[in-house]
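Below: the structure, in structure tokens.
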Amino acid sequence: MNIREIARLADVTPGTVSKVLNNYPDIGEATRKRVLKIIEENQYDPKSNQRAKSGTETIRVALVTEGVYLHIHSIYEDSLSIRLHNAGYSIVSFHDNYFAQDKTEKLLELIANAERDKVSGIIYIGGNFDRVDSAEFSKLPCPTVFINTVLPFHTDEAPYSSVTVSHMETAFDQMRCLIEKGHRDIATVISSRIDNSVYGLRANGYMAALRQSGLEHNIENFIESDYQSDKAYCNLLSFLNEHPEITAVCCQSHLNMAACFFISEADKTCLIFPYFSF
């Protein structure tokens, strides 16, 4: 009997069973009693289970996050940490800022850390490796999954797996939606003009749509937020006050969109609708 079997019998997630065992307060009383009853009926002893595993080598997974201050990346990290823990894996975590280092050097550092810590798998969130020689990826010492990472190629032969959004194409369609609705003066809230993550791909998609429609002047209306909602709010509000001709705002992320909501509540004279984010 293990934690997953307890969860199946109780019709809950392994994470819920773990919370019950550790006496977390955010579990409903009925759920707690049901889980504890199944544990008692099956004479499940988590300490005994841990002792049984102590004779075997623990599988270690490296969880690496670039741009950890991004809310969505924090959600990925929290969810994956819980799932890996419940599956019995040991987690080795690395955090880094994607602006700070040459990307080939960063990849080689990742490989060295993975070999040093003898990890069996790597989950990498964020970052940009599109200018790294594809041959360098063959040095990865274990199965690797990249999430929301800009990579040099996406083929079946790639020595890794990846999960991502079509950022540039989706951003292009996002901007085209505003243009097709007749807007000709559009402000766009982005992270930074030097951002080389997936958010940089989104900015490229916006620019491509504007250029295709002959609206290049709007590229001057790109407002930087540096992933900070308060900065997005202040910069956007100031820009709208200086540019009353703006009829729509295109938002690069949920943080930017939050700034639009705050401005619409604070200053009804600001015409910022429609605004879009993804």
Side-chain angles (χ1 to χ4, degrees), residues 66-76 97-99 125-128 130 147-151 163-278:
E66 282 201 50
V68 67
Y69 47 84
L70 291 179
H71 179 59
I72 188 64
H73 286 181
S74 296
I75 292 175
Y76 293 156
N97 186 315
Y98 58 76
F99 287 118
I125 304 172
N128 184 323
D130 68 334
I147 301 174
N148 239 16
T149 305
V150 184
L151 295 162
V163 182
T164 190
V165 174
S166 298
H167 292 275
M168 186 168 178
E169 294 84 352
T170 305
F172 181 94
D173 292 340
Q174 182 185 8
M175 182 64 76
R176 282 293 306 169
C177 180
L178 290 175
I179 295 170
E180 290 171 358
K181 290 182 178 296
H183 295 282
R184 293 296 177 266
D185 293 290
I186 303 168
T188 305
V189 187
I190 63 172
S191 55
S192 167
R193 290 182 180 270
I194 63 171
D195 192 338
N196 64 356
S197 72
V198 293
Y199 292 94
L201 294 181
R202 295 182 183 186
N204 290 338
Y206 298 139
M207 288 188 283
L210 291 169
R211 289 190 178 110
Q212 186 186 83
S213 301
L215 300 175
E216 292 93 336
H217 69 278
N218 287 291
I219 295 176
E220 297 299 318
N221 300 339
F222 279 27
I223 302 158
E224 297 187 7
S225 67
D226 292 332
Y227 300 110
Q228 301 174 40
S229 57
D230 56 343
K231 185 172 182 178
Y233 172 84
C234 293
N235 289 351
L236 179 57
L237 181 59
S238 175
F239 186 87
L240 290 175
N241 286 332
E242 294 174 4
H243 297 272
E245 74 278 8
I246 297 297
T247 61
V249 177
C250 193
C251 301
Q252 190 180 60
S253 71
H254 63 287
L255 291 176
N256 304 152
M257 188 170 68
C260 287
F261 280 118
F262 288 135
I263 290 174
S264 63
E265 288 299 315
D267 186 351
K268 303 296 183 180
T269 66
C270 290
L271 180 57
I272 61 169
F273 186 84
Y275 46 85
F276 290 91
S277 174
F278 79 99

Within-4.5 Å side-chain heavy-atom neighbours: Leu237 and Asn235 | no
Applying side chain to side chain donor-acceptor pair (under 3.5 Å), name anything that partners Asn221, two or more places apart in sequence or on another chain.
-> Asn218
Please tell me if the side chains of Val249 and Cys251 come closer than 4.5 Å, counting only heavy atoms from C-beta onward.
-> yes
CG (Leu210) and CD1 (Ile186) are apart, to the nearest 0.5 Å, by 6.0 Å
Going from CD1 on Ile147 to OG1 on Thr149, what distance comes out if it is rounded to the nearest 0.5 angstrom?
-> 7.5 Å
Who pairs with Gln212 by side-chain contact (heavy atoms from CB on, under 4.5 Å), at least two apart in sequence or on another chain?
-> Phe172, Arg176
side-chain contact (heavy atoms from CB on, under 4.5 Å) against Asp173, all qualifying residues, sequence neighbours excluded = none
Can you name the residues that form a side chain to side chain donor-acceptor pair (under 3.5 Å) with Asn204, not counting sequence neighbours?
-> none
Kindly say whether Cys234 contributes a backbone atom to a donor-acceptor pair with the side chain of Ser238 at under 3.5 angstrom?
-> no
Does anything in residues 231-242 pair up under salt bridge (charged side-chain N to carboxylate O under 4.0 Å, His left out), and if so which pairs, sequence neighbours excluded?
-> Asp226-Lys231
Can you tell if the side chain of Phe222 reaches within under 4.5 Å of the side chain of Met207, non-hydrogen atoms only?
-> yes
Listed by chain and number, what are the side chain to side chain donor-acceptor pair (under 3.5 Å) partners of Glu245, not counting sequence neighbours?
-> His243
Quick one: do the Gln174 and Tyr206 side chains pair a donor with an acceptor below 3.5 Å?
-> yes
For Ala187 and Ile223, work out which heavy atoms get closest and say how close.
-> CB-CD1, 4.1 Å
Val189 side chain reached by Gln252 side chain, heavy atoms, under 4.5 Å = no
Drop me the distance from Cys250's SG to Arg202's CZ, to the nearest 0.5 angstrom.
-> 10.5 Å
